Structures are given as C-alpha cells and as structure tokens.
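Some notes on the structure that comes next.
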Amino acid sequence: MKVTILGNNSALPAFGRHPTSQVVTVYGETILVDCGEGTQAQMQRYGIRWRNMHHLFISHLHGDHYFGLPGLLTSMSLLGRTSPLFLYGPAALKPIIQEILRVAATTLSYPLNFYPLPSTPDVLVDNAYFSLTSFPVRHRIDCWGLLVKEKTRGRKLLADKCRELGIPSTSFERIKAGEDYVLPSGERLPNSLLTIDGPKGRAYAYCADTVYTESFLDVIHGADTIYHECTYLEEDKEKAGLRFHSTASQAAQIALKAGSKRLLLGHFSSKYKDLDPFREEACAVFPESQIAEEGMTYEV
Ligand SMILES: [Zn+2]
Ligand SMILES: [Zn+2]
C-alpha cells in the first residue's frame, strides 16, 4: 500500500505548494483523499490515472479540500468514463455537486454514487482487498478522517515442504487459499502443516483538519503510517486551537500515542516558507516524523 501526496498546503497555494489532496494505492485500486484546487493538474504531473479510481473521499467542505472536485468529476465525463464512482463526503456535498451539474446542463457519463458520512466511525467499504473506515475529527465545521486497511494477503505456502510431500504445484493456489490437501492414500494434510501466516495487512490513517484531540485514537491505533495536519508550529499553539487546527508537536503526540511507525506532516499554513521547523518540532516528540512532500510516494 502506498500514498502519493498531491497537495500539502492549507487554505492558499503558496511557495509552490498546493491545497490538500493525496492518493492511496492498494492492490491496484486508487483512492482519492481530498481534492483541493489544482488536483487534476497535480494528477497529470505525477502520472496518477483515474482508470482504477472508484472511491473518492472528501473530509469536509472547506474549499482547500474540495474545490478541485467539480473539475475532476466533469473531466472524467468529458473523457467518456463509464465505470461507477463512489463519493464519500459531508451530506451537503451532494446538493452542491448536483447544482453545479444542473446549471451547466451536464449529465455525467458514469454513475456517481454519493454516500453521506455519519457522525460515528463507519465502514464505507469492506472487500477482499481493503476496507475504508471514516471517523469524525474535531474542526470548525463537521470533518472526518479516513482509515485505509489492507487485507492480509492470504497464507504463505511452504513450497519446499509441499514438494517433499509430493503435492503437485497445480494444487498450490488452493492450499494458499486455506484448503487442506488429501494424498492419494487418503491421508489428509492439514493446511497448518503446509502454510504459515501471510504478511499482515498494513493500515494508513488520514487525520484531516483537526484540533488536537484523542477522540479518534482508538480508531487509528496501530496504523503503520499516520498523516496528521499541522497547520502551525508550537509558537502559534493558541491560534491553532482557536482555528481548530494542530501544531507539529501535537501531531507527533497523536502518532506516538497511536503506536504508529511513521508520521507524515501536512496542511501547512501559507505563512511558512521553510518547513524544516515542522519536521524538527515533530521529531523531538516522535522521531519517525517527516514532511509529506508533494510528488513523493510513501510505502505505508
Ligand atoms: Zn484545510
Ligand atoms: Zn478545514
């Protein structure tokens, strides 16, 4: 599972940085997480295609998180998309999109399925490959985070042992899927003798715009990589609180308490040109902190 950063800034584009957007790739599926202004151009720039994109998540209705959405939705239609798209966001997003399409007399070429985010943690998608869970965070308006969990990738076959036991390779796929093997003599070889646990699925937590809160710690606990906003440095802690944003140090405290392996820092205020102080401040609390750089792809 990987995450590619398309925009890492807050309200305004500044110093070459774009408003918030990122894509999570899991088993070939591309999940778009927020869609600030300029997201389409950033997708083109970094070679992100929407052919395998079926799930779009919008955390909240501040413009720096969704002003790129109408453009993306209509471009997909202009280019003849037919496969359905699932859009998860605040309930008010649906009439906004409907009105934009109505006044432009536009009918999309593909089904757009809208799902309003509820006020408690909710499983949006749960298939054989991954799950998506939304959870409320604390911001000036209703806002949600997203947990992407990769499913365990099957059993790991003990191939040498299987060959020694005379099992033909044509049976390997079924054994990997968890089946026992029956020898021609009728003896049953239990699956636990032929396989071991596969690699554990990884988890990525996107903690959207939020003031410091531990209210969703239980949902994101154990996530391998956490993205947490840090609009300000600790010297502007008071301002951060008043505007329902976090500081780099607070983001690091959340990553530490969540038992994460890595923290990606983003959503920087346009007043900062140099981002190094964010990394330094966060690393003092949680050493595995780094800036979520635009155009960079991170293994979760
Ligand atoms: Zn924002
Ligand atoms: Zn916001």
Side-chain angles (χ1 to χ4, degrees), residues 3-24 31-43 56-72 87-94 96-97 116-119 134-147 204-213 215-216 219-220 226-234 236-252 254-255 263-273 275 278 282 291-294:
V3 58
T4 302
I5 308 300
L6 299 177
N8 66 4
N9 217 47
S10 65
L12 305 168
F15 308 114
R17 307 193 300 259
H18 297 72
T20 303
S21 182
Q22 44 185 258
V23 286
V24 179
I31 300 149
L32 184 68
V33 181
D34 277 340
C35 189
E37 182 188 345
T39 295
Q40 274 195 90
Q42 290 290 81
M43 285 172 66
L56 269 60
F57 174 85
I58 299 295
S59 63
H60 66 303
L61 295 181
H62 281 151
D64 54 328
H65 297 258
Y66 85 106
F67 280 177
L69 184 63
L72 179 63
L87 175 61
Y88 314 92
L93 181 59
K94 186 178 182 180
I96 292 171
I97 297 297
L117 297 170
S119 58
S134 64
F135 55 92
V137 297
R138 273 190 65 210
H139 195 36
R140 195 155 56 78
I141 57 172
D142 289 346
C143 185
W144 287 263
L146 183 71
L147 179 70
Y204 175 66
Y206 174 78
C207 308
D209 289 15
T210 185
V211 72
Y212 181 87
T213 175
S215 62
F216 53 80
V219 180
I220 66 167
I226 287 177
Y227 164 92
H228 196 291
E229 77 122 282
C230 55
T231 311
Y232 297 103
L233 291 170
E234 197 66 5
D236 279 326
K237 187 178 177 179
E238 201 173 326
K239 192 186 280 179
L242 288 170
R243 297 182 180 181
F244 289 86
H245 285 302
S246 301
T247 67
S249 172
Q250 290 172 333
I254 292 295
L263 169 66
L264 293 176
L265 300 161
H267 199 267
F268 307 107
S269 164
S270 307
K271 71 181 245 187
Y272 303 100
K273 183 177 184 193
L275 301 179
F278 284 86
I291 302 294
E293 302 270 6
E294 290 186 13

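Count residues from 1 along the sequence. Only a predicted model underlies this, so the values are computations on that prediction, with no experimental measurement involved. What's counted below: heavy atoms across the whole structure, side chains too, no hydrogens, waters or symmetry copies. Order of appearance sets the numbers: ligands from 1, and atoms from 1 within every ligand.
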_Side chain Glu229, main chain Thr210, donor-acceptor under 3.5 Å_ = yes
*Just give me the atom name: the N, O or S atom of His62 closest to the Zn ion (ligand 2).*
ND1
*Tell me which N, O or S atom of His267 sits nearest to the Zn ion (ligand 1).*
NE2
*asked:* For the metal site, I want the angle between atom NE2 of His139 and atom NE2 of His60 with the Zn ion (ligand 2) at the apex, to 10°.
replied: 100°
*Kindly confirm whether the Zn ion (ligand 2) is within less than 2.8 Å of some N/O/S atom in Cys143?*
no
_Looking only at the side chains, is there a donor atom on one of Asp209 and His62 sitting less than 3.5 Å from an acceptor on the other?_
no
*More than 12 foreign heavy atoms under 6.0 Å from CD of Glu294: is that the case here?*
yes
_Quick check on the Zn ion (ligand 2): does Asp209 put an N/O/S atom closer than 2.8 Å to it?_
yes
*In a check of ring-ring contact (aromatic ring centres under 6.0 Å, His included) between His267 and each of His139, His65, His228, which one passes?*
His65
*Any donor and acceptor pair, going by atom type alone, linking the side chain of Trp144 with main-chain N or O of Pro118 inside 3.5 Å?*
yes
_Considering only N, O or S atoms of Asp64, the one closest to the Zn ion (ligand 1)_ = OD2
*Verify the ring-centre separation between Tyr227 and Tyr206: is it less than 6.0 angstrom?*
yes
*Confirm or rule out an N/O/S atom of His65, from backbone or side chain, lying less than 2.8 Å from the Zn ion (ligand 2).*
no
